[in-house]
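Inspection log for the structure reproduced underneath, given as structure tokens.
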Amino acid sequence: MRVSSSLSRVVAGACGGAIVGNRAEVIVADQTLEDANVKLSSVVSDTLGASGRSILDALVTGETDPEQLARRATSRLKASRAELAEALRGNVTDHHRFLLGMHLRVYDDLQRAMREVEAHIERELAPFRDQIERLKTIPGISDIAA
């Protein structure tokens, strides 16, 4: 099973760059929140998970009430609503909203690009699906390794 070297470069470049870019956007969004004295990352393990993203989207659209923001969290969140509301007390300015909105759009674009690359890889590997399935029967060989 031989996949073209150009496909390998596409995977390494696009996925690697998107993964690094995604992580960078999360870090910069967290720094923007910290600048606004919002401590979301101290009570939410994944800032861009379901609860975090819902809260960030509300912040971007202008919501400032910590209790209203805390109500957006899912029931799976470990922090209590009171802890979450306390972490969300800060001073979010229009400038913070602008930056957060921009970072969320870049993050979404990178996520979309990663899905496109994954779909392209799946199409390119389709002729080799039988070989990949056989390789995956070897202990320790995952779909990615195959």
Side-chain angles (χ1 to χ4, degrees), residues 1-126 128-129 132 135-136 138-146:
M1 172 170 72
R2 181 164 165 79
V3 177
S4 73
S5 60
S6 64
L7 177 60
S8 298
R9 284 192 300 275
V10 166
V11 171
C15 284
I19 291 168
V20 170
N22 273 348
R23 186 68 197 133
E25 290 307 316
V26 171
I27 291 169
V28 175
D30 283 340
Q31 290 171 342
T32 302
L33 291 171
E34 289 291 324
D35 186 61
N37 203 30
V38 172
K39 310 295 184 197
L40 184 62
S41 62
S42 68
V43 291
V44 175
S45 60
D46 182 3
T47 307
L48 290 174
S51 294
R53 182 60 190 253
S54 179
I55 290 167
L56 290 175
D57 287 341
L59 280 169
V60 168
T61 60
E63 181 62 63
T64 58
D65 180 25
E67 283 75 24
Q68 289 292 340
L69 292 167
R71 285 191 192 103
R72 293 178 154 272
T74 64
S75 59
R76 294 179 16 193
L77 196 63
K78 292 180 184 175
S80 70
R81 294 284 156 102
E83 292 170 321
L84 185 55
E86 187 58 35
L88 294 169
R89 291 188 200 289
N91 185 28
V92 180
T93 66
D94 287 338
H95 180 67
H96 294 119
R97 283 185 198 79
F98 168 77
L99 291 175
L100 286 171
M102 184 180 64
H103 295 305
L104 292 175
R105 285 189 301 277
V106 169
Y107 177 84
D108 291 343
D109 289 345
L110 290 170
Q111 290 289 101
R112 195 171 16 267
M114 284 178 54
R115 286 191 300 273
E116 287 175 18
V117 168
E118 289 169 356
H120 178 74
I121 291 168
E122 284 300 315
R123 286 190 303 274
E124 292 291 318
L125 292 178
F128 307 104
R129 189 54 52 202
I132 291 170
L135 283 170
K136 287 174 21 182
I138 300 170
I141 301 296
S142 67
D143 201 29
I144 293 172

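Position 1 is the first residue of the sequence, and the numbers go up from there.
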>> For R76, I'd like to know if atom CZ has over 12 heavy atoms of other residues, nucleotides or ligands within 6.0 Å.
In response: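 Counting neighbours around CZ of R76, 12 or fewer heavy atoms of other residues, nucleotides or ligands fall under 6.0 Å, so no.
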Looking only at non-hydrogen atoms, find the nearest pair between [X] and [Y] and report the distance.
{"X": "A85", "Y": "A70", "answer": "N-CB, 3.9 Å"}
{"X": "S51", "Y": "T74", "answer": "OG-N, 2.8 Å"}
{"X": "L69", "Y": "E63", "answer": "CD2-CG, 3.5 Å"}
{"X": "S75", "Y": "R81", "answer": "N-NH2, 4.5 Å"}
{"X": "T32", "Y": "H96", "answer": "O-CD2, 3.7 Å"}
{"X": "R97", "Y": "V60", "answer": "CD-O, 3.5 Å"}

> Can you list the steps and then say if Y107 with Q111 is a side chain to side chain contact (heavy atoms under 4.5 Å, CB included)?
Replying inline: CA-CA 6 Å; Y107 177 84; Q111 290 289 101; 3.6 Å; yes
Atom [atom1] of [X] and atom [atom2] of [Y]: how far apart are they, to the nearest 0.5 Å?
{"X": "L40", "Y": "L84", "atom1": "CG", "atom2": "CG", "result": "7.0 Å"}
{"X": "L135", "Y": "S142", "atom1": "CG", "atom2": "OG", "result": "10.5 Å"}
{"X": "D65", "Y": "R71", "atom1": "CG", "atom2": "CZ", "result": "7.0 Å"}
{"X": "T64", "Y": "N91", "atom1": "OG1", "atom2": "CG", "result": "10.0 Å"}
{"X": "L125", "Y": "H120", "atom1": "CG", "atom2": "NE2", "result": "9.0 Å"}
{"X": "L88", "Y": "N37", "atom1": "CG", "atom2": "CG", "result": "11.0 Å"}

State, yes or no, whether a side-chain contact exists between [X] and [Y] at a heavy-atom distance under 4.5 Å.
{"X": "D46", "Y": "V26", "result": "no"}
{"X": "V106", "Y": "V28", "result": "no"}
{"X": "R53", "Y": "D108", "result": "yes"}

> When V38 is tested against each of L56, I55, V92, L100 for side chain to side chain contact (heavy atoms under 4.5 Å, CB included), which residue passes?
Replying inline: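 Filter result, single survivor: V92.
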> Which is it for E86 and R89 under the salt bridge (charged side-chain N to carboxylate O under 4.0 Å, His left out) test, yes or no, and what are the steps along the way?
Replying inline: CA-CA 5 Å; E86 187 58 35; R89 291 188 200 289; 3.2 Å; yes
>> If you apply the rule side chain to side chain donor-acceptor pair (under 3.5 Å), what do you find for D30 with S41, and how did you get there?
In response: CA-CA 7 Å; D30 283 340; S41 62; 4.6 Å; no
